[in-house]
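In this chain, numbering begins with 1 at the start of the sequence shown. The figures here come from the full heavy-atom set of this structure, side chains too, leaving out hydrogens, waters and symmetry mates.
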Amino acid sequence: MKVVAFHHPQATALELPPAIELIADSAIVWPGHPLFLPDFDQAWTGRVMLAFRISRLGKGIAQKFASRYYDAMTLALVPRSLALHEELEGQCRPAGLSGCFDGAVVMGRWIDLPADDREVTVDVEGLSVTIDSPLTAAAQAIAALSHYSTLKTGDILMPVALAAEFPLIRRREFKASLAGTEVLAVRLP
């Protein structure tokens with residue numbers, strides 16, 4: 001299983017090769033478990049991303065057939081260490097460390113896909129954001145990634161990130177809703 005976060009502006013077509021970040025599957029925090037922020041930094045922010053679960057094996061998938069390859073969606077929280085990010089970026093070093101620590105991605109509870117490709121609303125920490133054409137974003141991500149890599153059942157693709165980053169504060173709970181359903185609630189001890 002692999003977790004792939006895409007880095008491209010919302011509502012634009014993906015360019016090949018896509019800019020992606022691989023996150024180790026051992027770094028996933030599943031629903032119901034707390035997120036223990038590592039002690040190598042005190043300042044943390046989090047990106048909220050729309051995620052899709054791959055439901056069948058495929059390679060070289062055309063965008064028009066991509067809807068056959070995913071079966072659910074959720075939100076994911078991707079914590080980011082400000083100090084580590086600045087250090088790696090300042091030394092022009094790969095950012096691989098940012099996706100391999102325990103808790104590098106917090107997965108929400110999976111929900112059914114919408115009936116059509118209408119916009120969905122994401123509510124996070126009092127901020128409401130609309131994501132246009134989420135199913136098109138998933139199809140673009142599947143077509144782009146499957147051009148280079150085989151997609152397997154259980155893989156998670158995160159094609160859309162909200163523009164805002166949210167501060168992650170210890171000793172509180174972080175919550176997010178997708179299409180009016182709370183899918184992400186994680187304690188930060």
Side-chain heavy atoms nearer than 4.5 Å, only ILVMFWY residues, links allowed to pass through others: does that put L162 and M158 together? no
Is the shortest heavy-atom distance from the side chain of P18 to the side chain of L16 under 4.5 Å? yes
Kindly compute the distance separating OG (S149) from NZ (K59), expressed to the nearest 0.5 Å. 6.5 Å
With no hydrogens and no angle check, is any side-chain donor or acceptor of D132 less than 3.5 Å from a backbone partner on E119? no
Compare every heavy atom of A137 with every heavy atom of V160, then report the nearest pair and how far apart it is. CG2-CB, 3.5 Å
How close do K152 and K2 get, counting heavy atoms only, and between which atoms? N-NZ, 4.3 Å
Note, D71 side chain near W110 side chain (heavy atom, < 4.5 Å): no
Evaluate side-chain contact (heavy atoms from CB on, under 4.5 Å) for D155 paired with V4, printing each intermediate quantity in order. CA-CA 8 Å; D155 286 352; V4 182; over 6 Å; no
Mind checking the CG-CZ spacing from L77 to F166? Nearest 0.5 Å is all I need. 9.5 Å
With side-chain contact (heavy atoms from CB on, under 4.5 Å) as the test, pick out the partner of L135 among D116, V120, L113. L113
Mind listing the closest non-hydrogen atom pair of R118 and A115 along with its distance? NH1-N, 3.8 Å
Give a yes or no on whether the backbone of L37 and the side-chain of R170 come within a donor-acceptor separation of less than 3.5 Å. yes
A176 and V124: which non-hydrogen atoms are nearest, and at how many Å? CB-CG2, 3.8 Å
To the nearest 0.5 Å, how far apart are CG in L168 and OG1 in T45? 6.5 Å
Mind running side-chain contact (heavy atoms from CB on, under 4.5 Å) on V3 and L22 for me, showing each step along the way? CA-CA 6 Å; V3 181; L22 290 175; over 6 Å; no
Measuring only between side-chain heavy atoms, which start at C-beta, is L57 closer than 4.5 Å to T150? yes
Can you check whether E182's main-chain N or O pairs, donor with acceptor, with R109's side chain at less than 3.5 Å? yes
Between CD1 on residue I54 and CD1 on residue I142, distance to nearest 0.5 Å: 4.0 Å
With clusters defined by side-chain heavy atoms of hydrophobic residues (ILVMFWY) lying less than 4.5 Å apart, directly or transitively, does L188 cluster with V106? yes
What is the distance from atom CG of D112 to atom CE of M73, rounded to the nearest 0.5 Å? 9.0 Å
Identify the heavy atoms of L35 and P79 that sit nearest to each other, and give their distance. CD2-CG, 3.9 Å
Count I, L, V, M, F, W, Y as connected when their side-chain heavy atoms are under 4.5 Å apart, and connections chain through other members. Are L50 and L157 then in the same cluster? yes
Closest heavy-atom pair, A62 versus A143, reported as atoms and distance to 0.1 Å, is C-CB, 4.3 Å
Can you establish whether the number of heavy atoms outside R172 located under 6.0 Å from its atom CZ is more than 12? yes
Determine whether S81 and D41 satisfy the following criterion, side-chain hydrogen bond (donor to acceptor under 3.5 Å, both in side chains), listing intermediate values before the conclusion. CA-CA 6 Å; S81 160; D41 195 358; 2.7 Å; yes
Is the number of heavy atoms from other residues, nucleotides or ligands under 6.0 Å of D25 CG greater than 12? yes
Quick one: do I111 and L75 end up in the same hydrophobic cluster if we chain Ile, Leu, Val, Met, Phe, Trp and Tyr together by side-chain heavy atoms under 4.5 Å apart? yes
Spacing of K175 atom NZ and E125 atom CD [to the nearest 0.5 Å]: 10.0 Å
Centre-to-centre under 6.0 Å for W44 and F174, is that the case here? no
I20, Y70: one ILVMFWY side-chain cluster at the under-4.5 Å cut-off? yes
Does any N or O in the side chain of S128 come within less than 3.5 Å of the main-chain N or O of D123, such that one atom is a donor and the other an acceptor? no
Check step by step if side-chain contact (heavy atoms from CB on, under 4.5 Å) holds for Q140 and Q63. CA-CA 6 Å; Q140 288 176 349; Q63 185 172 332; 3.6 Å; yes
Between S146 (side chain) and I61 (backbone), is there a donor-acceptor pair under 3.5 Å? yes
